[in-house]
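Data first, discussion second: the structure below is written as structure tokens.
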Amino acid sequence: MQLFYNDTLTTANTELKFTREESKHIAKVLRKKEGDVLHITNGKGYLFTAIITFSNPTQCIAVIDQHEKQKQKNYKLHLVVAPTKMNDRYEWFLEKATEIGIDEITPIICDHSERKIIKIERFERILQSAMKQSLQCYLPKLNPAMSFNDFIKQKNQDQLLIAHCEETQKQSLKDVLTPKSNTTILIGPEGDFSINEIEVALTSGYNPVTLGETRLRTETAAIVAAHSVAFMNS
């Protein structure tokens, strides 16, 4: 199944006009014609079935045949991950975390962060593409980048965890995860969280966890965390 994305689509819509770029993909690449069926999501959980009424590389039109709300997961995962020095590594994390299943992402700027500016529009496109590729109907929420201090001040009712590399007492992530719950996990930059940031997180209610015996890159740690939470809730 080929899944399309349109964030303006609602259950009240009866027709959808595709952009020029999408129309070209539908008519020339997929070779879809009048009468063929398309599947579209609005990223808010709905899967729409539409029938093409006009197929042209410059303009495709389809009528909405039916829609169905997809079941949500019984847990929510919010990963708070520092941007990596190499931007493509963070983009890889966004893509794979979306495929695995994640609900919210916040880029966090830390004391040891080497990258402090991100291209939020490009990140959004990566999330959309990964959602479509993995045939999901819920688009992860991507928050604007913020400083560690600003984020840690926010009130949060989730299970709060911080993964860091300091040689202190920590529990394995799999031993502390609570199935069917909402979880927020902090993942630091290449230089890890600073000692002060770790102390602030602990006094703010975050529990320290380890993701394994080996030292992981930022993007790898984030994927391990995402998979661990998904596996615990499978």
Side-chain angles (χ1 to χ4, degrees), residues 75-98 100-127 139-178 181-212 214-229:
Y75 71 94
K76 288 187 177 180
L77 174 61
H78 181 185
L79 283 184
V80 184
V81 185
T84 53
K85 182 179 179 180
M86 301 299 292
N87 208 40
D88 59 340
R89 289 180 175 172
Y90 203 86
E91 293 175 358
W92 178 84
F93 144 65
L94 292 173
E95 179 183 75
K96 301 311 174 187
T98 301
I100 293 169
I102 190 172
D103 302 278
E104 189 171 357
I105 300 162
T106 301
I108 190 172
I109 309 303
C110 303
D111 290 342
H112 296 158
S113 291
E114 295 189 57
R115 178 178 291 275
K116 301 181 185 297
I117 298 175
I118 65 171
K119 298 179 180 178
I120 199 77
E121 296 82 7
R122 178 172 171 80
F123 285 0
E124 285 281 8
R125 291 196 296 270
I126 290 170
L127 294 179
L139 182 68
K141 179 183 179 182
L142 178 62
N143 297 316
M146 64 176 63
S147 70
F148 175 90
N149 289 332
D150 286 342
F151 181 84
I152 214 73
K153 292 175 184 175
Q154 297 180 343
K155 293 183 179 180
N156 197 328
Q157 300 300 316
D158 293 358
Q159 180 182 22
L160 305 176
L161 306 173
I162 178 171
H164 64 80
C165 301
E166 288 296 317
E167 295 296 330
T168 59
Q169 186 174 4
K170 293 176 285 188
Q171 290 180 278
S172 174
L173 176 61
K174 64 180 178 62
D175 292 334
V176 301
L177 282 176
T178 303
S181 67
N182 298 341
T183 304
T184 294
I185 304 177
L186 303 182
I187 306 289
E190 282 93 341
D192 200 12
F193 292 109
S194 66
I195 297 298
N196 179 66
E197 288 172 334
I198 294 172
E199 291 176 350
V200 169
L202 297 184
T203 57
S204 300
Y206 283 80
N207 294 314
V209 295
T210 175
L211 302 176
T214 59
R215 189 180 182 94
L216 305 176
R217 291 181 182 273
T218 295
E219 69 277 13
T220 310
I223 293 301
V224 168
H227 182 266
S228 296
V229 174

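Counting begins at 1 with the first residue of the sequence.
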Hey, what do you get for CD1 (I109) to CD1 (I118), rounding to the nearest 0.5 Å?
6.5 Å

The reported gap from CG in D88 to CD in E95 (rounded to nearest 0.5 angstrom) is 11.5 Å

Check: K170 and H164 side chains under 4.5 Å, non-hydrogen atoms:
yes

Residues P208 and L202: closest non-hydrogen pair is CD-CD2, 3.6 Å

Is a side-chain N or O of T218 found less than 3.5 angstrom from the main chain of G188, in a donor-acceptor match?
yes

Euclidean distance, T168 OG1 relative to I198 CD1, rounded to 0.5 Å
6.5 Å

Ignoring hydrogens, what is the shortest heavy-atom contact between I187 and A163? Give both atom names and the distance.
CD1-CB, 3.9 Å

Might you point out which heavy atoms bring I108 and S113 nearest each other, and give the distance in Å?
O-OG, 4.1 Å

Partner of I185 under side-chain contact (heavy atoms from CB on, under 4.5 Å), chosen from L211, D158, L173:
L173

Are there over 12 heavy-atom neighbours, none belonging to H112, within less than 6.0 Å of that residue's NE2?
yes

Flag if over 12 foreign heavy atoms under 6.0 Å of CD, Q157
no

Over all atoms of both residues, closest heavy-atom pair of I102 and L77:
CG1-O, 3.5 Å

Shortest non-hydrogen pair, D111 vs S194, comes out as OD2-OG, 2.7 Å

Please state whether the rings of H78 and F151 are parallel, tilted or perpendicular, taking 30° and 60° as the class boundaries.
perpendicular

Between Y206 (side chain) and I152 (backbone), is there a donor-acceptor pair under 3.5 Å?
no

Separation between CD of E197 and CD of E166, rounded to the nearest 0.5 Å
11.0 Å

Stepwise side chain to side chain contact (heavy atoms under 4.5 Å, CB included) check, L177 with L161
CA-CA 9 Å; L177 282 176; L161 306 173; 4.0 Å; yes

Check: P189 main-chain N/O paired with E114 side-chain donor or acceptor under 3.5 Å
no

Main-chain N/O of T178 paired with Q159 side-chain donor or acceptor, under 3.5 Å:
yes

Residues F123, I105; criterion side chain to side chain contact (heavy atoms under 4.5 Å, CB included); working and verdict:
CA-CA 10 Å; F123 285 0; I105 300 162; over 6 Å; no

Just how far is it from atom CG of N87 to atom CZ of R115, taken to the nearest 0.5 Å?
4.0 Å

Decide side chain to side chain contact (heavy atoms under 4.5 Å, CB included) for Q171 and N207; before the verdict, give the C-alpha distance in whole Å, the side-chain angles of both, and the deciding distance to 0.1 Å.
CA-CA 8 Å; Q171 290 180 278; N207 294 314; 5.8 Å; no

Straight-line distance of T184 OG1 to K76 NZ, nearest 0.5 Å
11.0 Å

Whether R122 and E91 form a salt bridge (side-chain N of Lys/Arg under 4.0 Å from carboxylate O of Asp/Glu) is what I want to check.
yes

Report the C-alpha separation of E190 and K85 in whole Å, then their side-chain angles, then the decisive distance to 0.1 Å, and conclude whether the salt bridge (charged side-chain N to carboxylate O under 4.0 Å, His left out) test is met.
CA-CA 8 Å; E190 282 93 341; K85 182 179 179 180; over 6 Å; no

Walk me through it: do V81 and Y90 pass the test side chain to side chain contact (heavy atoms under 4.5 Å, CB included)?
CA-CA 9 Å; V81 185; Y90 203 86; 3.7 Å; yes

Does K116, at its NZ atom, have more than 12 non-hydrogen atoms belonging to other residues, nucleotides or ligands within less than 6.0 Å?
yes

Taking all non-hydrogen atoms of both residues, which atom of L79 and which atom of A222 are closest, and how far apart?
CD1-O, 3.5 Å

